[in-house]
Amino acid sequence: METRDTIFAPATARGRAAVSIIRVSGPGADAALARLCGAIPEARRAVLRILRGPEGDPIDRALVIRFEAGASFTGENSFEIQCHGGRAVLAAVLDALASCPGLRLAEPGEFTRRALENGRLDLLEAEGLADLVNAETEGQRRQALRAMRGALGDQAAAWRTSLIRARALVEAVMDFADEEVPEDVGPEVSALIDQTATAMRLALAGAAAAERVREGFEVALVGAPNAGKSTLLNALARREAAITSATAGTTRDVIEVQMDLRGLPVTLLDTAGLRETADDIEAIGVARARERADAADLRIWLQAPGSAGIAPPEAWLREGDLWLGSMADVGDGPEGAIPVSARTGEGLDRLIDRIASELESRAAGASAVVRARHRKALEAGLAHLDRATLWLGRGEALLDLAAEELRLASAMLETLLGRVDAERVLDDIFAEFCLGK
Ligand SMILES: Nc1nc2c(c(=O)[nH]1)N(C=O)[C@@H](CNc1ccc(C(=O)N[C@@H](CCC(=O)O)C(=O)O)cc1)CN2
Ligand SMILES: Nc1nc2c(ncn2[C@@H]2O[C@H](COP(=O)(O)OP(=O)(O)OP(=O)(O)O)[C@@H](O)[C@H]2O)c(=O)[nH]1
Ligand SMILES: [Mg+2]
C-alpha cells in the first residue's frame, strides 16, 4: 500500500475564539505528536500538555487527544489539539505542524475523504455530514442527520439485494434453458422488481421536497409598483434590505433575504412592481420579477387599498400562493385578501404562520432523496427496471436482456452508495466541505 501524507488543518473557524481545534491524521501523526508535546499519551484520553515549536519554544498549554488507527474518525492514526483560540496561537501551532517531516495542510474535505476510503462511512453518509455542517435551520439539521445515519443508504442497500436476487433467479432460468426448470421463478422475479420499483418511486416522489429543505424554499413578493413589497420584505427581514419609496418603480433588481421560518430555510424575494413601462431598465426588472416569481415555490401577491384593477393574473396564483391586502392601516383591501400592514405590523405574524404552514406541509413529504445526484441515480435505476420488466414479458429468448437491465439497475444503486466510479463525484462533493472536515 502506498504511504500517505499526514495531513493537518484547523477544524474550527478561524478568528477570535475561546478554543481552536486542529486535526492531524496519517502515518506520521504519532511522530508529529511526540515532536510537539513529548511523550505520546494514551489513546482517546484528553491530556494537558505544553506544545512546543521546532526550537523547543513553548507555544501554548493545550489539550491533546490521540486516536489509534482503526478507532478514529479517519480510520488512521490521528490526534487533535484543542489549543487556545485566536490567530497567533493557531498560526504558531500550524507552523509547528508544517515543520514536521511528511506533514502538509489538508485540502477541504480530505479528512472525510480518508474516512470514506477507509470504510468508516459511505458516500451518502459523507454527503449527509457535509449537509449537517452546512445546516442553518432545524429542518436542515434533522434531514442531514438522517442522511448521515444512513437513511437512504439502508434503503438502497435493501433494493440492491432484491435486484441481485431477481437477477440470480433470471440467470438460473437461462442456465437451465435446455433442461427442466425446477420451478417457475417468474412470479418471484416480478414481485421483487415491482416491490423495489414501487419503493424507489415513493422515495423519488419526496425528492423535490427534500431538495427544497436542503437548498431552501423561494418565496416571491409580487404585485404592482407601490404595493408595498419592499416595505413588507424589510419588515419580515427586520432590516432595511431593500430601498423603499413613494416613487412607483423603485425596485429593479431581485432582492434576496435569507430567513429561518420555523426551522425551514426560506429565501424571500423582493421584485420589481409589475407594469408596462417605457423605461428600459425598469422593463428588465419587470422581466426578472416575472421569471423569478414564476420559478419560486410560493408567490405572495400584494395589493394596496383602492387598486382593485390590479388583481393577480389568473394564471399566476397557484395552489398555496397567498393574496395580501397590503397597507391595511390605510384602508381595506380586496375581498378575500389577507390584511397586512408592514407599517403597524398588523397581520405579519399571521402571514408568517401561513407561509410556514404551507411550506411545512410541503416539507413533510420529503424523502431521503435530498440531492439531484441521488434523484438521477434512482431515475436511471427505475428506467432499467422498466426495461427489465419489458424483456421479461417477451419470453425466455430475451431473458439475457432482462438480466442485463437488472445488473444495470443494481449498478445505479451502487453508484448512489458510492461503491462504483465514485472518483468522479468525490471531487465535486468534497469541494463543498470546510477545511478541517
Ligand atoms: N473534538 C472533536 N469533536 C467532534 C469530532 C471530532 O473529530 N473531534 N467529530 C468529527 O467529525 C464529530 C464526532 N464524530 C466522530 C466520529 C467518529 C469518531 C471516531 O473516533 N470513531 C471511531 C471510534 C468509534 C467509537 O469509539 O465508537 C471509529 O469509527 O472507529 C470520532 C468522532 C463531532 N465532534
Ligand atoms: N401606510 C403604509 N404605507 C406603506 C406600507 N407599506 C408601504 N408603504 C408605503 O408605500 C410606498 C411604496 O412602498 P414600497 O415598499 O417601496 O413599494 P413596492 O411595492 O416595493 O414598490 P416598487 O418597488 O416600486 O414596485 C412607500 O412610500 C411606503 O412607505 C404600509 O403598510 N402602510
Ligand atoms: Mg420595491
Side-chain angles (χ1 to χ4, degrees), residues 9-12 19-25 43-46 62-83 109 111-112 114-116 118-121 125-126 128-130 132-133 145 148-149 220-237 240-255 257 269-275 277 279 282 285-286 288-289 293 300-307 310 324-331 333 339-348 351 433-434 436-437:
T12 44
V19 173
S20 288
I21 299 182
I22 297 142
R23 264 184 171 171
V24 184
S25 180
R44 303 183 76 85
R45 169 160 235 137
L63 279 177
V64 174
I65 311 171
R66 186 171 72 89
F67 300 90
E68 282 173 327
S72 69
F73 173 73
T74 55
E76 302 177 321
N77 269 345
S78 56
F79 69 90
E80 261 178 29
I81 295 170
Q82 308 194 354
C83 59
F111 291 92
T112 309
R114 289 189 175 189
L116 184 103
N118 290 326
R120 318 309 292 185
L121 37 71
E125 291 159 1
L129 176 57
L132 187 63
V133 172
L145 189 68
M148 202 182 83
R149 299 180 65 185
L221 300 174
V222 273
N226 272 349
K229 302 177 293 297
S230 302
T231 309
L232 180 61
L233 177 90
N234 293 346
L236 292 170
E240 296 298 302
I243 299 173
T244 62
S245 85
T247 308
T250 300
T251 307
R252 270 100 193 270
D253 286 315
V254 175
I255 299 190
V257 169
L269 308 176
D270 178 26
T271 61
L274 302 176
R275 67 168 169 185
T277 172
D279 181 323
E282 190 185 350
V286 171
R288 286 187 184 180
I300 299 180
W301 182 271
L302 278 77
Q303 196 167 338
S307 49
I310 31 187
L324 303 188
S326 59
M327 308 187 195
D329 59 298
V330 175
V340 165
S341 167
R343 179 140 320 159
T344 66
E346 177 197 339
L348 286 188
L351 172 62
F433 269 71
C434 306
K437 200 70 206 100

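As the structure lists them, so they are numbered: ligands from 1, and atoms in each ligand from 1.
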**Q.** Non-hydrogen atom of Ser326 closer than 4.0 Å to ligand 2
**A.** no

Q | Any Ile243 heavy atom less than 4.0 Å from ligand 2 | A | no

Looking at [atom], tell me if a protein heavy atom falls under 4.0 Å from it.
| atom | answer |
| --- | --- |
| atom 1 (N) of ligand 1 | yes |
| atom 28 (C) of ligand 1 | yes |
| atom 12 (C) of ligand 1 | no |
| atom 34 (N) of ligand 1 | no |
| atom 6 (C) of ligand 1 | yes |
| atom 20 (O) of ligand 1 | yes |

Under 4.0 Å from a heavy atom of [X]: which atoms of ligand 2 are those, numbered in the order shown and with their elements?
| X | result |
| --- | --- |
| Thr247 | 24 (O) |
| Ala248 | 24 (O) |
| Gly249 | 24 (O) |
| Ser245 | 11 (C), 12 (C), 13 (O), 16 (O), 26 (C), 27 (O) |
| Asp329 | 1 (N), 2 (C), 30 (C), 31 (O), 32 (N) |
| Ala227 | 19 (O) |
| Ser341 | 31 (O) |

Q.
Quick check on the Mg ion (ligand 3): does Thr244 put an N/O/S atom closer than 2.8 Å to it?
A. no

Q: Taking both backbone and side-chain atoms into account, decide whether Thr231 has an N/O/S atom under 2.8 Å from the Mg ion (ligand 3).
A: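 False for Thr231.
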
Give me the nearest non-hydrogen protein atom to [atom] as residue plus atom name, then the distance to 0.1 Å.
| atom | answer |
| --- | --- |
| atom 31 (O) of ligand 2 | Ala342 N, 3.0 Å |
| atom 23 (O) of ligand 2 | Thr251 OG1, 2.8 Å |
| atom 31 (C) of ligand 1 | Phe73 CB, 4.3 Å |
| atom 5 (C) of ligand 2 | Met327 CG, 3.4 Å |
| atom 10 (C) of ligand 1 | Arg23 NH2, 2.9 Å |

Q) How does Thr244 reach ligand 2, by side chain, by backbone, by both or by neither, if only non-hydrogen atoms under 4.0 Å count? A)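 Thr244 to ligand 2: contacts from backbone and side chain alike.
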
Q. Any idea which part of Leu232 is under 4.0 Å from ligand 2, heavy-atom wise: side chain, backbone, both or neither?
A.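 Looking at Leu232 and ligand 2, no heavy atom falls under 4.0 Å.
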
Is there a donor-acceptor pair under 3.5 Å between the side chain of [X] and the backbone N or O of [Y]?
| X | Y | value |
| --- | --- | --- |
| Asn234 | Ala242 | yes |
| Thr12 | Ile21 | yes |
| Thr74 | Arg114 | no |
| Ser20 | Cys83 | no |

What are the two closest heavy atoms between [X] and [Y], and how far apart are they?
| X | Y | result |
| --- | --- | --- |
| Arg23 | Phe73 | NH2-CD2, 3.5 Å |
| Pro305 | Met327 | CG-O, 3.6 Å |
| Ala237 | Val257 | CB-CG1, 3.5 Å |
| Asp253 | Arg288 | OD1-NH1, 3.2 Å |
| Asn77 | Ala69 | OD1-N, 2.9 Å |
| Arg44 | Ile65 | CA-CG2, 4.0 Å |

Of the listed options [options], closest to [atom] (non-hydrogen atoms):
| atom | options | value |
| --- | --- | --- |
| atom 14 (P) of ligand 2 | Thr231, Leu274, Asn226, Thr344 | Thr231 |
| atom 29 (O) of ligand 2 | Glu346, Lys229, Arg343 | Arg343 |
| atom 25 (C) of ligand 1 | Gln82, Glu80, Arg44, Arg120 | Arg44 |

**Q.** Ile243 atom CD1, over 12 foreign heavy atoms within 6.0 Å
**A.** no

Q: Just do the side-chain contact (heavy atoms from CB on, under 4.5 Å) check on Thr112 and Leu121 with the steps written out, would you?
A: CA-CA 9 Å; Thr112 309; Leu121 37 71; 4.2 Å; yes

Q: Check the pair Leu233, Lys229 against side-chain contact (heavy atoms from CB on, under 4.5 Å), reporting the backbone distance first and the verdict last.
A: CA-CA 6 Å; Leu233 177 90; Lys229 302 177 293 297; over 6 Å; no

Q: Under the side-chain contact (heavy atoms from CB on, under 4.5 Å) rule, what do Leu232 and Leu348 come out as? Steps first, then yes or no, please.
A: CA-CA 9 Å; Leu232 180 61; Leu348 286 188; 3.4 Å; yes

Q. So is Gly75 close enough to ligand 1, meaning a heavy atom under 4.0 angstrom away?
A.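 It does not; every heavy atom stays at 4.0 Å or beyond.
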
Does [X], backbone or side chain, put an N or O under 3.5 Å from an N or O of ligand 2?
| X | result |
| --- | --- |
| Gly228 | yes |
| Gly273 | yes |
| Pro225 | no |

Q) How many angstroms lie between CG in Leu324 and CG in Leu302, if you round to the nearest 0.5 Å? A) 5.0 Å

Q | Point-to-point distance, once rounded to the nearest 0.5 Å, from OG1 of Thr271 to CD1 of Ile255 | A |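 One finds 10.0 Å between OG1 of Thr271 and CD1 of Ile255.
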
Q | Where the Mg ion (ligand 3) is the vertex, angle from Thr251 OG1 to Ser230 OG to 10° | A |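 About 90°, to the nearest ten degrees.
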
Q.
If you define the side chain from C-beta out and look only at heavy atoms, does anything of Leu129 sit under 4.5 Å from Glu125?
A.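 No, too far: nothing below the 4.5 Å cut-off.
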
Q: Decide side-chain contact (heavy atoms from CB on, under 4.5 Å) for Leu132 and Leu145; before the verdict, give the C-alpha distance in whole Å, the side-chain angles of both, and the deciding distance to 0.1 Å.
A: CA-CA 6 Å; Leu132 187 63; Leu145 189 68; 4.3 Å; yes

